[in-house]
Q: 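Below is a structure I'd like to ask you about.
Side chains are part of it too, since the values below use all heavy atoms of this structure and drop only hydrogens, waters and symmetry mates.
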Amino acid sequence: MPHPDFHYEKLISNQGAKYIVGIDEVGRGTLAGPVVVGSIIFDINNKTEQYLIDIGINDSKKLSEKKRLYLYEILIKIAVSYSTGWASVEEIDKFGINQSIELAIKRSLGNLINDPDHLLIDAISLKDSKYEQTSIIKGDQRSLSIASGSIIAKVERDNYMINLNINNEIYDLKNNKGYGTKKHIEAIKLNGKTNHHRKSFKIKGVDTINE
């Protein structure tokens, strides 16, 4: 697949939208930690598009940690506006992951300096939204704005999980970032879940699922 670009952003901009927000979430499938949404607005022009392509903006999952950190520092400087929105483990257990992601999106939008004209969201649609929106499957591989949002969310969530590791070293959170690695699952089996773990996410050999 070719690198992400401003194809969708330009189509929407040509219809009169000025502040087009790229939105993506990180942490949907983890066993521990919050879900984080990154939102970012760019000045949609050919110069910015080419610059973002040249520095290697892409889906955060396709980038090394070092590359993400490098790109993050650039993105927060050149963005018209950027933000993150978070939903806690307690909220995920109470409302479910999908509703929690929507909550995090709304919080992220509320943290932007500019009121959005249009939302570009990776794979999902936001219910009951006052904003025009476009959901793009594999949007983080197609839209530079969505890919940049994924980098913002990934770096900030990773930093949170690294800090969380300080008092929870046995769970290796600094390396697994809350995902269900073999070492992480074994630690849960031996020591149980912390209050940073999602109680609603069942783990084979740990939780008994009542039908």
Side-chain angles (χ1 to χ4, degrees), residues 1-29 34-63 67-68 71-87 97-158:
M1 182 178 288
H3 53 67
D5 56 26
F6 273 164
H7 171 74
Y8 293 97
E9 288 88 338
K10 287 178 178 177
L11 286 176
I12 295 163
S13 178
N14 289 340
Q15 296 170 9
K18 182 178 181 181
Y19 298 123
I20 302 164
V21 188
I23 301 169
D24 201 6
E25 50 75 22
V26 174
R28 173 187 288 272
V35 64
V36 180
V37 166
S39 296
I40 194 163
I41 301 172
F42 291 112
D43 181 4
I44 307 302
N45 60 60
N46 292 333
K47 185 178 179 181
T48 302
E49 179 181 39
Q50 193 56 54
Y51 178 68
L52 293 173
I53 291 170
D54 289 345
I55 63 175
I57 296 295
N58 209 329
D59 171 10
S60 62
K61 296 185 292 295
K62 295 179 176 290
L63 304 171
K67 180 75 169 180
R68 287 193 299 266
L71 293 174
Y72 176 88
E73 294 300 326
I74 294 175
L75 290 172
I76 64 175
K77 289 182 176 70
I78 68 170
V80 172
S81 181
Y82 79 94
S83 68
T84 54
W86 302 56
I97 188 63
N98 291 331
Q99 194 173 335
S100 296
I101 289 171
E102 290 195 20
L103 188 61
I105 291 175
K106 291 175 181 176
R107 287 171 176 165
S108 183
L109 294 175
N111 290 332
L112 288 168
I113 295 171
N114 309 94
D115 194 39
D117 295 315
H118 198 104
L119 315 180
L120 282 179
I121 313 178
D122 184 38
I124 66 173
S125 295
L126 188 62
K127 298 184 185 71
D128 304 319
S129 174
K130 65 179 181 178
Y131 303 110
E132 294 290 324
Q133 60 182 306
T134 302
S135 175
I136 305 173
I137 301 299
K138 295 186 177 178
D140 47 12
Q141 299 174 38
R142 292 186 163 94
S143 159
L144 283 168
S145 298
I146 294 176
S148 298
S150 79
I151 292 168
I152 296 292
K154 177 68 173 165
V155 169
E156 294 201 8
R157 187 183 185 280
D158 280 1

Q: Decide if atom CD1 of Ile113 counts as having more than 12 heavy atoms of other residues, nucleotides or ligands within a radius under 6.0 Å.
A: no

Q: Side chains of Tyr131 and Asp115: closer than 4.5 Å at any heavy-atom pair?
A: yes

Q: What are the two closest heavy atoms between Ser135 and Ala123, and how far apart are they?
A: OG-C, 3.1 Å

Q: Going from CG on Leu71 to CG on Asn58, what distance comes out if it is rounded to the nearest 0.5 angstrom?
A: 9.5 Å

Q: With a 4.5 Å cut-off on side-chain heavy atoms, are Glu9 and Glu49 touching?
A: no

Q: Could you tell me the separation between the CD atom of Glu156 and the CD1 atom of Ile151, rounded to the nearest 0.5 Å?
A: 12.5 Å

Q: Using a 4.5 Å cut-off on heavy atoms from C-beta on, say whether the side chain of Arg107 contacts that of Val37.
A: no

Q: Check the angle between the aromatic planes of Tyr82 and Tyr72 and answer parallel, tilted or perpendicular using the 30° and 60° thresholds.
A: perpendicular

Q: Taking atom CG of Leu119 and atom CD1 of Ile20, what is their separation to the nearest 0.5 Å?
A: 10.5 Å

Q: Any side-chain heavy-atom pair from Phe42 and Leu75 closer than 4.5 angstrom?
A: yes

Q: Looking at every heavy atom in both Asp140 and Lys61, which two are closest together, and how far apart are they?
A: OD2-NZ, 3.2 Å

Q: Examine distances only and state if a side-chain atom of Ser150 and a backbone atom of Asp24 form a donor-acceptor pair shorter than 3.5 Å.
A: no

Q: Can you give me the closest heavy-atom contact between Arg157 and Pro34, atom names plus distance?
A: NE-O, 2.7 Å

Q: Scan Ile146, Leu120, Leu109 and name whichever one has a side chain to side chain contact (heavy atoms under 4.5 Å, CB included) with Ile23.
A: Leu109

Q: So which heavy atom on Gln133 is nearest to which on His118, and how close?
A: C-NE2, 3.4 Å

Q: Flag the pair Leu52 / Ile55 as yes when at least one side-chain heavy-atom distance between them is below 4.5 Å, and no otherwise.
A: yes

Q: Supply the atom-to-atom distance Lys62 NZ to Lys67 NZ, rounded to the nearest 0.5 angstrom.
A: 14.5 Å

Q: For Lys154 versus Val26, what's the shortest heavy-atom pair and its separation?
A: N-CG2, 3.6 Å

Q: Within the distance-only criterion (no hydrogens, no angle test), does the side chain of Arg142 pair as donor or acceptor with the backbone N or O of Ile137 below 3.5 angstrom?
A: yes

Q: Decide yes or no for Ile105 and Ile124: does some side-chain heavy atom of the first lie under 4.5 Å from some side-chain heavy atom of the second?
A: yes

Q: Between Leu144 and Thr48, is there a side-chain heavy-atom distance shorter than 4.5 Å?
A: no

Q: So, the side chain of Arg68 versus the backbone of Leu63: is there a donor-acceptor pair under 3.5 Å, distance only?
A: yes

Q: Which heavy atom in Ser39 sits nearest to a heavy atom in Ser108, and how many Å separate them?
A: OG-OG, 2.7 Å

Q: Does Pro4 reach the side chain of Ser143, with side-chain heavy atoms less than 4.5 Å apart?
A: no

